[in-house]
Amino acid sequence: MIKQERMKVVRHKQIADDIFELTLIGQLSLEMKQPGQFVHIRVSDSFEPLLRRPISICSIDPEHMEFTMLYRAGGRGTKLLSLKQPGDEVDILGPLGNGFPVEEANTGETALLVGGGIGVPPLYELSKQLNAKGVRTIHVLGFQSINNVFYEKQFSELGETYIVTADGSYGTKGFVTDLLAQLNPEFDVFYSCGPLPMLKALEQTYPDKKGFLSFEERMGCGLGACYACVCKTTDAVENDYLKVCSDGPVFPRGVVAL
Amino acid sequence: MIKQERMKVVRHKQIADDIFELTLIGQLSLEMKQPGQFVHIRVSDSFEPLLRRPISICSIDPEHMEFTMLYRAGGRGTKLLSLKQPGDEVDILGPLGNGFPVEEANTGETALLVGGGIGVPPLYELSKQLNAKGVRTIHVLGFQSINNVFYEKQFSELGETYIVTADGSYGTKGFVTDLLAQLNPEFDVFYSCGPLPMLKALEQTYPDKKGFLSFEERMGCGLGACYACVCKTTDAVENDYLKVCSDGPVFPRGVVAL
Amino acid sequence: MNRLQVELPGLSLKNPIIPASGCFGFGQEYAKLYDLSKLGAIMIKATTLEIRKGNPTPRVAETSSGMLNAIGLQNPGLAHVMEYELPWLEQYDVPIIANVAGTDTTDYVAVAEKISTAPNVKALELNISCPNVKCGGIQFGTDPKTASELTAAVKAVSKVPVYVKLSPNVTNIVEIAKAVEAGGADGITMINTLIGMRLHPKTGKPIIANGTGGLSGPAVKPVAIRMVYDVSQQVNIPIIGMGGITNAEDVIDFLSAGASAVAVGTANFVDPFVCPNIIDELPQKLDELNCEKISDLVGRSHR
Amino acid sequence: MNRLQVELPGLSLKNPIIPASGCFGFGQEYAKLYDLSKLGAIMIKATTLEIRKGNPTPRVAETSSGMLNAIGLQNPGLAHVMEYELPWLEQYDVPIIANVAGTDTTDYVAVAEKISTAPNVKALELNISCPNVKCGGIQFGTDPKTASELTAAVKAVSKVPVYVKLSPNVTNIVEIAKAVEAGGADGITMINTLIGMRLHPKTGKPIIANGTGGLSGPAVKPVAIRMVYDVSQQVNIPIIGMGGITNAEDVIDFLSAGASAVAVGTANFVDPFVCPNIIDELPQKLDELNCEKISDLVGRSHR
Ligand SMILES: Cc1cc2nc3c(=O)[nH]c(=O)nc-3n(C[C@H](O)[C@H](O)[C@H](O)COP(=O)(O)OP(=O)(O)OC[C@H]3O[C@@H](n4cnc5c(N)ncnc54)[C@H](O)[C@@H]3O)c2cc1C
Ligand SMILES: Cc1cc2nc3c(=O)[nH]c(=O)nc-3n(C[C@H](O)[C@H](O)[C@H](O)COP(=O)(O)OP(=O)(O)OC[C@H]3O[C@@H](n4cnc5c(N)ncnc54)[C@H](O)[C@@H]3O)c2cc1C
Ligand SMILES: Cc1cc2nc3c(=O)[nH]c(=O)nc-3n(C[C@H](O)[C@H](O)[C@H](O)COP(=O)(O)O)c2cc1C
Ligand SMILES: Cc1cc2nc3c(=O)[nH]c(=O)nc-3n(C[C@H](O)[C@H](O)[C@H](O)COP(=O)(O)O)c2cc1C
Ligand code: FES
Ligand code: FES
């Protein structure tokens, strides 16, 4: 169920250039089930900034009533968020949207998880759940540069993990698709979150594979009421538009016009 | 000289209902000389709230580069200010305006200081300076109720001090003028800061005494540039209007139309 | 006695709090969070004759204490609203105010005639003030004569009272208000959004794909208050006020300015429970003001 | 080469940053804080023929990311400005833009004729948009014909270029802009304040003694940007843009929208050093945008 709660900061630290890892505690964590869902965060009690920020759930720890997100402190709102100290409260609305379908990978199968930059975080909970179910995971994670890389160790513990950087300062140089071309991995289903060009390239590289992609769009309500976050669909779909916040953010391949 | 500085909170505590005592450290303290001057405070780095808040200087401690103010956390801005912790920075512009003329009381003379509510604070530095110069001070301080009373001890250490509360819950019941009528004190000059009706009553009670009154008005710039804070003058004055921020906030009696 | 009760043409409101059109969809999303029967009424998303796909994205941008939107009246069209959305809302004890939009008079009249027959639609809100569509919308709301004629045409077919939603993007809003009153409007709702724009700091191009967007949120409240203040003194029909309401004090401000009820838009995005929260806070606010019933506050700014 | 240099009719600006009229007095107060020669120009407080006492207090009220003011054009009158204020400003190497106000055309013409003879007054800013006075001011700015005629009358007597300051409180600002251009204006300054009101939460009465006030500050920036964007594409005279500027990024936004220089108003109250700070920040911002000279940014939103 969607809840609103003032959750408490448990841990908060910077883990790469501008990238923060924030762990919150509260009842709301118990509502989180599906990887790829997101929360909508109010970073300030004032109207400056006014709107909530959508951030993906990166990992869920129901035992401790905690969940963790990773975010890039880029603009005004996320910079304010980065100032929160352990013990401070953060107004969270969530869990929102439809995440990655874990059920689409069967025990014994292999899943390819491809993340780009700040699209990497939701893949972590996904990978945990897939592995728990006995699905083998291959992780291909792309970043700008060595200073932007995060969570390599965490993913490595779950499966084969490849890092790509655009400037070649760490791992393989280039885009995730360059590495995939070399690697030519065997897999049954792919899941991805990252910049549009990456999602597009993936769809093209694997025209016959089952795949699920997570999208971003600027949001108002985050609930499906305001029509701010729509995305254009392909001809294959009956609806002309879908809402990223409530129909997505994860859609099967071929649904969203890329 | 007027300066702008991010000063550091040294001490901050609540001393009565909604009344806070805030001590700041910084170079700017060294510019403060005259009691009755004020500082203009930006309580937040955001635009919510937008405007600075004018607060009187309550005491100056140049030796430690500190100054202290007392304020009532009533509205949005002052409530935010009340959340500042020791070590936090506060954006201060000051010292501003023309304060109480200490030179108008001569050594050996007696000064009557009459304060009402949140008009009491600037009288404290005034009393300190008058006493330092050998002027005897009588303090008559009016408050709403017992829970609003502050700085009785501090003023008592400097001279005779009388507390009046509107509801009689502490000290004498009534208004400061009621007590003054009973007390009928001997004095050479009076200084006052407080609500308009109090200032008016004082002018009427002592038609022949030398006196100085401090005024309040809503401000924009605090510097004299925007004409927000003007007050109407009496016929005795050539200018039709005076600016509370730069011509005042303290004016000799008879200048401002009451 | 219900201290929060408000009686308006066609509308018997258990309290004056109404989610604003376009900020609450057709209620389904917020129904997951609280009981919609708690609300005074619901202003549903603008409905047009045909399905509308709206504008390209990005459709929203944040501004200081406000936001811009250019949704472009996306909606599933009259038939779908009649067949699914309105019947679904019947499970709640809450009057519906149907926001009606169109490209020309024929459109408006067709939607109004049909939608006003739905059993739970107790009033229409004629949207002559949407700044985000190329045709229809705002140009009906900036010329008094056009506004008056459209009002009359819709009044002629509507089965329920008609409220006209005014645009703040005009030189003289009182003139428009009087014109729609003369055209037969039963009430006025105001204000719609102010036209605004935000540019991308790097590219210098508008962030919103449509270029301009409608400004809403706390930033516009002072503009809305003065317009309600001015209009309420010049017309004899009631006003539903809106623009930047986020809490019970804002509601009191709008009533004081001369509105009889209010709508809450953008604030639903900031706090999805804002409407029920305000409703819960209002009785205490009335106590603080020594006010027995909320309707006593209406217009006290100019009394 | 000075990357920040801007050339406008009558004005050779070492940078595009100008304190806005009414927010900087006649410079004396800010001169205590920094060297006024650093500024691109100074727009002095509106000057009228006779001394003006302005409105009763309170004259300002805070709003979300903004403020309302109703100063009422208080100023010491033309004679005093000519005799004291302008000569005092001559010690600084900074062009003065004289904001001219009046009750009727005769007034405006008389002030313009005289004040344009002061050696440091390099341009006039015709204030046809003050919302806070009963007569004169805004009504000249809401009707295209009146605006055009007043512009022509002032142009006929002024010794320096005339910029006309537009009000945002109109249905069609492009129409007014074109009218003043046709009347002979050398440039446009925009926007003046939006009309707004704030009520006292307890009494329900307007906080500002005048009732309404002019809204300024970050809250109005999106409105100002879209108006500069629209007007700059429809006229051939330069625009000095303003409304909610608080930092160098805001300046870039206004230039991108189509302004050639900018004025900073309310932000001076928040940070008295805002103008010199912005001037210091601008070169780095240009670097970040790979932009050699600031004038290259003008109008890039619609190029
Ligand atoms: C479903 C979803 C999941 C996301 N998950 C993550 C995540 O796990 N980690 C992370 O760092 N980022 C994530 N993002 C992106 C994140 O929402 C934006 O980076 C963030 O909102 C920017 O806010 P700001 O205060 O830094 O920037 P500002 O420039 O202050 O933002 C201004 C406005 O634009 C919106 N905005 C700006 N950029 C984006 C964007 N890329 N996507 C959506 N809205 C934007 C903001 O929400 C805000 O309303 C996600 C976005 C979506 C839609
Ligand atoms: C010269 C001077 C000295 C002052 N000294 C003190 C002092 O030592 N201690 C103290 O507690 N208060 C003092 N005040 C009053 C203090 O400025 C206001 O109480 C304070 O600004 C209110 O801000 P807020 O955030 O609580 O209220 P809000 O309601 O959020 O204020 C909204 C706006 O109104 C202005 N405002 C509201 N009330 C007043 C007021 N009474 N006077 C001026 N502006 C007001 C605010 O500055 C702000 O711009 C002084 C005022 C002046 C003019
Ligand atoms: C995202 C969004 C969509 C809107 N859609 C509509 C609409 O369809 N019809 C309409 O009349 N007004 C629409 N509005 C305007 C609101 O109903 C309201 O008049 C305005 O936002 C001011 O109120 P607020 O400041 O509380 O949001 C919309 C506003 C927003 C923010
Ligand atoms: C206190 C105050 C006084 C003003 N006085 C004048 C004036 O005398 N003449 C004028 O043309 N504009 C005046 N203005 C309007 C400003 O010059 C400017 O157009 C407006 O405030 C928008 O800019 P800002 O948001 O940067 O303040 C005044 C504004 C304020 C806040
Ligand atoms: S953000 Fe409102 S519908 Fe998606
Ligand atoms: S506050 Fe600006 S002149 Fe006094």
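The figures that follow rest on heavy atoms only: side chains count, while hydrogens, waters and symmetry mates do not. Numbers restart at 1 for each chain; the letters A, B, ... are given by sequence-line order, proteins then strands.
Residue A/Arg42 touches chain C through its side chain alone, counting heavy-atom pairs closer than 4.5 Å. Looking at A/Leu51, the atoms closer than 4.5 Å to chain C (heavy atoms on both sides) sit in the backbone and in the side chain alike. Both the backbone and the side chain of A/Tyr227 come within contact range of chain C, judged by heavy atoms closer than 4.5 Å. At a 4.5 Å heavy-atom cutoff, the contact between C/Thr63 and chain A is made by backbone atoms alone. Only the side chain of C/Pro218 comes within contact range of chain A, judged by heavy atoms closer than 4.5 Å.
The environment of CZ in A/Arg76 is crowded: more than 12 heavy-atom neighbours from other residues, nucleotides or ligands sit within 6.0 Å. Within 6.0 Å of NZ on C/Lys205 lie more than 12 heavy atoms contributed by other residues, nucleotides or ligands. Atom OH of C/Tyr92 is surrounded by more than 12 heavy atoms from other residues, nucleotides or ligands within 6.0 Å. For C/Glu90, the CD atom is densely surrounded, since the number of other residues' heavy atoms within 6.0 Å is greater than 12. Counting heavy atoms of neighbouring residues, nucleotides and ligands inside a 6.0 Å radius, atom CD of A/Gln14 exceeds 12 of them. The number of heavy atoms from other shown groups lying within 6.0 Å of CD (A/Glu103) is above 12.
Remark: A/Leu223 CG to C/Gln28 CD distance equals 13.0 Å, nearest 0.5 Å. Interatomic distance, C/Phe269 CZ to A/Met219 CE, rounded to the nearest 0.5 Å: 12.5 Å. Here the CE atom belonging to C/Met67 is positioned 6.5 Å from the SG atom belonging to A/Cys226, to the nearest 0.5 angstrom.
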Requested in this report: Please test A/Val230 against C/Lys53 for side chain to side chain contact (heavy atoms under 4.5 Å, CB included), starting from the C-alpha separation and ending with a verdict.
Outcome: CA-CA 10 Å; A/Val230 299; C/Lys53 300 187 188 181; over 6 Å; no

Requested in this report: Please test A/Asp91 against C/Asp271 for side chain to side chain contact (heavy atoms under 4.5 Å, CB included), starting from the C-alpha separation and ending with a verdict.
Outcome: CA-CA 9 Å; A/Asp91 178 344; C/Asp271 173 3; 5.9 Å; no

Requested in this report: Decide salt bridge (charged side-chain N to carboxylate O under 4.0 Å, His left out) for C/Glu62 and A/Arg52; before the verdict, give the C-alpha distance in whole Å, the side-chain angles of both, and the deciding distance to 0.1 Å.
Outcome: CA-CA 10 Å; C/Glu62 197 177 47; A/Arg52 290 174 177 268; over 6 Å; no

**Report entry** A/Cys221/C/Tyr30 under side chain to side chain contact (heavy atoms under 4.5 Å, CB included): CA gap, chis, key distance, verdict
**Finding:** CA-CA 10 Å; A/Cys221 65; C/Tyr30 289 89; 3.7 Å; yes

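Looking at A/Arg218, A/Lys232, A/Glu217 one by one, the single match for side chain to side chain donor-acceptor pair (under 3.5 Å) with C/Thr57 turns out to be A/Glu217.
The choice from C/Ser65, C/Gly25, C/Gly54, C/Pro56 that makes the most heavy-atom pairs within less than 4.5 Å of chain A is C/Ser65. Interface check for chain A: of the options C/Gly217, C/Gly66, C/Gly27, the most heavy-atom pairs under 4.5 Å are formed by C/Gly66.
Judged by distance alone, the side chain of A/Gln4 and the main-chain N or O of C/Phe273 form no donor-acceptor pair under 3.5 Å.
Summarising the geometry of A/Gly220 relative to C/Val60, their closest heavy-atom pair is N-CG2, 4.4 Å, with the distance given to 0.1 Å. When all heavy atoms of A/Leu50 and C/Thr266 are compared, the closest pair comes out as CD2-CG2, 3.7 Å. Smallest separation of non-hydrogen atoms from A/Ala225 and C/Cys23: CB-O, 4.5 Å.
A donor atom on one side chain and an acceptor atom on the other are found under 3.5 Å apart for C/Ser64 and A/Glu48.
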